[in-house]
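Each chain gets a letter, A, B and so on, in the order the sequences are listed, and its residues count up from 1.
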Amino acid sequence: MNIFRLAGDVSHLVAIIILLLKIWKTRSCAGISGKSQILFASVFVTRYLDLFTIFISLYNSSMKIIYISCSIATVYLVYFKFKATYDGNHDTFRVEFLVVPVGGLSFLVNHDFSPMEILWTFSIYLESVAILPQLFMISKTGEAETITTHYLFFLGLYRGLYLINWIWRYYFEGFFDLIAIVAGLVQTVLYCDFFYLYVTKVLKGKKLSLPA
Amino acid sequence: QLIVKQKDEL
């Protein structure tokens with residue numbers, strides 16, 4: 001465990017908590033893509049099935065359980081508790097365009113053709129594109145609440161830190177997982193445009209709004 | 001020899 005990996009996990013956790021708190025405190029999930037949240041919950045559920053098969057560390061298991069519970073809680077808040085505030089009209093990204101190709105790819109390109117491994121690969125590929133419905137929603141409405149942009153920032157930061165973590169592990173441990181690295185790169189690139197807006201607008205105290 | 005996979009990451 002290096003500092004980049006730990007910082008990555010922490011910012012991932014911060015992102016998840018920010019989103020949960022935002023929805024809970026404002027009693028509203030306006031501007032949040034329920035579809036992205038369902039995708040993230042599916043990512044965690046399919047990836048962390050190994051909770052039942054192997055034990056890596058207390059840290060590893062507890063983080064997995066926290067991620068899964070928080071993501072399912074978020075889906076529950078969006079689709080049940082605060083459903084009335086959910087902006088379904090603007091959450092129109094066609095998720096089948098992500099899930100079907102990602103599903104197909106995970107059957108074709110994986111480390112081992114076994115159910116657990118295919119599900120793990122599926123979750124890695126799916127995570128890399130799971131934010132697209134959320135970004136699509138923001139591009140459609142042309143704006144995002146500042147707290148939502150903080151959520152996206154920490155989610156992107158987590159991916160960026162994981163990339164540094166992989167460079168570190170490659171040099172110091174000879175660790176190299178091409179599937180995770182390529183998917184992680186794709187995922188980080190998707191945040192670049194957003195990062196630019198975050199730095200140029202949100203950090204200067206302006207609301208994130210896109211030119212019409 | 002590079003280790004291909006080692007699922008200790010989250």
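In this structure, CG in Leu10(B) is found 8.5 Å from CZ in Arg47(A), a value given to the nearest 0.5 Å. Rounded to the nearest 0.5 Å, atoms CZ (Arg5(A)) and CG (Asp8(B)) are 6.0 Å apart.
Put simply, the side chain of Tyr162(A) never gets that close to the backbone of Glu9(B): no donor and acceptor are under 3.5 Å apart.
Around CZ of Phe107(A), the count of heavy atoms belonging to other residues, nucleotides or ligands within 6.0 Å does not exceed 12. In the displayed structure, Phe55(A) atom CZ is contacted under 6.0 Å by more than 12 heavy atoms of other residues, nucleotides or ligands.
Both the backbone and the side chain of Asn60(A) come within contact range of chain B, with heavy atoms under 4.5 Å apart.
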